[in-house]
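A, B, ... follow the sequence lines: proteins, then strands. Residue 1 opens every chain.
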Amino acid sequence: MYPIKFVRENIDLLKKAAELKGQKVDWEKFEQLDNERRRLIMFLEERKKWQKDLTEKISKIEDKNSVAPLITQARKYSDEIKEVEKKLNQIEREIEKIISFIPNIPHSSVPIGKDARDNVVVRQWGEIRERNFKVLPHWEIGEKIGIFDFSVGAKITGSFFPVFKEKGALLVRALINFMLDLHIKNGFREVWVPSIVNRDSLFNTGQLPKLEDDMYYLERDDFFLIPTAEVPVTNLHKNEILKEEDLPIYYVAYTPCFRREAGAYGRETKGLIRVHQFDKVELVKLVKPDTSYDELETLLGEAEKVLQLLNLPYRVVLLCTGELSFAGSKCYDIEVWCPGVEKYLEVSSCSNFESFQARRANIKYKRKDGKTDYIHTLNGSGVALPRTIIGIIENYQTEKGEIIVPEVLREYMKIDKIT
RNA sequence: GGAGGGGUAGCAUAGUGGUCUAAUGCGGCGGAUUGCUAAUCCGUUGUGUCGUCGAAAGGCGGCACCGUGGGUUCAAAUCCCACCCCCUCCGCCA
């Protein structure tokens with residue numbers, strides 16, 4: 001959330017950012033309301049000053065008779081102030097609403113573009129092996145060997161709520177533990193956080209106001225199910241001033257994630273590709289501003305490490321301006337090659353939000369020189385489970401229809417094959 | 001869900017209608033003293049916003065901010081109402 005003054009003084013920069021991200025903002029109305037607001041404030045402050053002086057005079061006079069006319073005058077000011085203040089309040093609410101739809105500014109290193117075709121593949125890792133048999137898509141083989149089941153999930157809840165069974169459930173649990181252990185070993189502090197958050201937290205990380213329809217909403221309490229651990233974890237330090245020596249702070253959290261995926265039906269919705277509830281291990285960094293782009297690269301490296309250890313071929317994609325999320329200033333996606341569905345599937349998104357989320361969540365740090373400044377926040381999946389499971393099922397498939405357990409998961413699963 | 005207590009600047013605390021223009025302590029920053037450290041002493045101290053000066057850093061002046069939002073009053077940290085959060089107890093419950 002930009003301060004009103006910043007918006008006024010940097011309006012061209014912000015206009016450009018919104019345009020690059022394809023975000024509509026009513027700039028004309030902003031300028032009109034901003035002028036009106038300042039006019040009203042000047043008027044109000046003058047009246048308030050007069051009234052204050054009068055009030056002080058009244059408090060010092062003891063003779064009741066000479067006070068009466070002063071009170072009459074003061075009452076007049078008071079009524080006037082109340083009326084104009086009401087108007088001002090309404091205008092400020094409108095301005096706030098407009099500002100809340102101004103997106104973060106893309107970093108200069110982000111390629112300009114409209115959609116996924118303008119993204120840039122920055123590297124590829126791992127070898128895509130030629131197979132001498134037809135690799136089956138995960139939904140065929142997964143249901144056949146009984147590690148997950150969609151129809152039973154549909155019975156319990158609805159479509160796209162998978163049930164993992166036996167070795168499948170074990171695989172889920174193993175992946176979560178493997179990832180957590182890995183990240184903890186690399187300096188991330190584990191936290192366990194609520195999966196339900198309030199409106200304020202979602203606004204702070206930038207999911208609101210734009211994505212309200214994509215989330216599960218608990219009307220009685222005005223709470224939401226989290227779409228990602230980014231929300232509760234980034235908000236851990238809401239309204240705090242951190243010490244410079246405490247930074248950077250690295251967190252890792254496992255949470256379930258809930259997404260309504262409104263309007264996504266029919267698009268990449270087979271099998272485990274797009275589901276309403278899934279598991280994810282998330283990395284969050286709170287850092288000093290001058291380090292955030294270096295931190296983004298190392299964050300990306302942490303997420304890549306997961307796939308490297310699982311030995312899954314992937315590529316790293318730098319998102320163009322049009323694909324960048326509302327709150328992000330730079331973002332890399334990691335996509336695993338899945339030979340069954342013959343597609344790269346996104347398993348991680350690593351973003352730098354610069355001070356965008358920190359401003360909204362009011363997270364600052366005190367510098368050595370005594371001044372306070374907003375921190376920068378970053379997060380990245382490390383990584384999301386369902387598509388990683390797709391990657392494992394499809395890359396580790398044998399001709400007989402079995403799935404070899406990746407080396408690093410064997411100590412967690414105590415088996416070397418899923419049959 | 002019910003009853004009571006509480007929420008005041010980075011932290012801790014005082015303030016129950018009008019010198020509150022929010023006190024005090026700690027911490028932070030600057031300085032003095034000083035073999036070093038510590039202690040002591042002096043000074044300083046938050047956020048937002050409007051106007052104005054300035055290239056800028058910032059200065060000057062005003063207004064607002066005591067959990068959030070309303071209300072009463074000439075005047076609210078203080079009184080009233082609603083909500084949120086924390087603590088104690090009771091009830092219910094995996």
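- Taking atom P in both B/A22 and B/G27, one finds a spacing of 24 Å when rounded to whole Å.
- Comparing the same atom, C1', in B/A75 and in B/G1 gives a spacing of 40 Å after rounding to whole Å.
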Requested in this report: Using a 4.0 Å heavy-atom cut-off, write out nucleotides 43-54 of chain B from 5' to 3' as B (base contacted by protein), S (sugar-phosphate only) or - (no contact).
Outcome: ------SBS---
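- Distance check on atom P: B/A9 versus B/A82 gives 26 Å, rounded to whole Å.
- Between A/K414 and A/L170, every side-chain heavy-atom pair lies at or beyond the 4.5 Å cut-off.
- Comparing the C1' positions of B/C26 and B/U45 gives a spacing of 13 Å, expressed to the nearest Å.
- Both A/N89 and A/S78 sit near RNA chain B, but only A/N89 has its closest nucleotide nearer the 5' end.
- Heavy-atom contacts from other residues, nucleotides or ligands closer than 6.0 Å to CD of A/E46 number more than 12.
- A donor-acceptor pair is defined here as one N or O able to donate and one able to accept, closer than 3.5 Å; such a pair exists between the side chain of A/N395 and the backbone of A/G391.
- Distance, A/K52 NZ to B/U73 C1': 17 Å, rounded to whole Å.
- Considering only heavy atoms from C-beta on, A/H237 stays 4.5 Å or farther from A/I375 through its side chain.
- Closest contact between the side chain of A/R75 and the listed nucleotides B/G70, B/G27, B/C74 involves B/C74.
- Between A/K82 and A/D53, the one whose closest nucleotide on RNA chain B sits nearer the 5' end is A/D53.
- Nearest to the side-chain atoms of A/K86 among the listed nucleotides B/G71, B/A64, B/C74 stands B/G71.
- Taking atom CG on A/L40 and atom C1' on B/A64, their separation rounds to 15 Å, with Å as the unit.
- When rounded to the nearest whole Å, the span between NZ of A/K48 and C1' of B/U21 equals 16 Å.
- Picking from B/A64, B/G10, B/U72 the nucleotide with the shortest atom distance to the side chain of A/I241 gives B/G10.
- Across the C1' atoms, B/G70 and B/G62 are found 27 Å apart, a figure rounded to whole Å.
- Atoms CD1 (A/I81) and C1' (B/A75) sit 11 Å apart, rounded to a whole Å.
- With a 6.0 Å radius and a threshold of 12 heavy atoms from other residues, nucleotides or ligands, A/E407 has its CD atom at or below the threshold.
- Spacing between atom CD of A/E80 and atom C1' of B/C63 amounts to 16 Å, rounded to whole angstrom units.
- Comparing B/U52 with B/C42, their C1' atoms sit 34 Å apart, to the nearest whole Å.
- In this structure, A/K57 places its NZ atom 17 Å from P of B/U19, rounding to the nearest Å.
- The gap from the P atom of B/G10 to that of B/G4 amounts to 32 Å, rounded to the nearest Å.
- Of all heavy-atom pairs between A/Y254 and A/I176, the closest is CE1-CD1, 3.4 Å.
- When the options A/D118, A/T321, A/L318 are evaluated for a side chain to side chain contact (heavy atoms under 4.5 Å, CB included) with A/P111, the one that passes is A/L318.
- In the set B/U73, B/C74, B/G27, the nucleotide with an atom closest to the side chain of A/K366 is B/G27.
- Using bins of under 30°, 30° to 60° and over 60° for the plane-to-plane angle, the ring pair A/H276/A/F161 lands in the tilted bin.
- Here the separation of B/C29 from B/C89, taken at their C1' atoms, is 46 Å to the nearest Å.
- Summarising the geometry, the separation between CG on A/D246 and C1' on B/G10 is reported as 13 Å, rounded to the nearest angstrom.
- Counted by atom type alone, A/N198 and A/S201 present one or more donor-acceptor pairs between their side chains at under 3.5 Å.
- Between the side chains of A/Y293 and A/E354, at least one donor-acceptor pair of N or O atoms lies under 3.5 Å.
- Counting only Watson-Crick or G-U wobble pairs whose defining distances are both under 3.5 Å, the stems of 3 or more consecutive pairs in RNA chain B are B:1-7 with B:84-90, B:10-12 with B:24-26, B:27-32 with B:40-45, B:46-53 with B:58-65, B:67-71 with B:79-83.
- The CD-P distance, from A/E240 to B/A9, rounds to 15 Å in whole Å.
- Note on A/Q73: every side-chain N or O is 4.0 Å or more away from OP1 and OP2 of B/C74.
- Within 6.0 Å of NZ in A/K15 there are more than 12 heavy atoms belonging to other residues, nucleotides or ligands.
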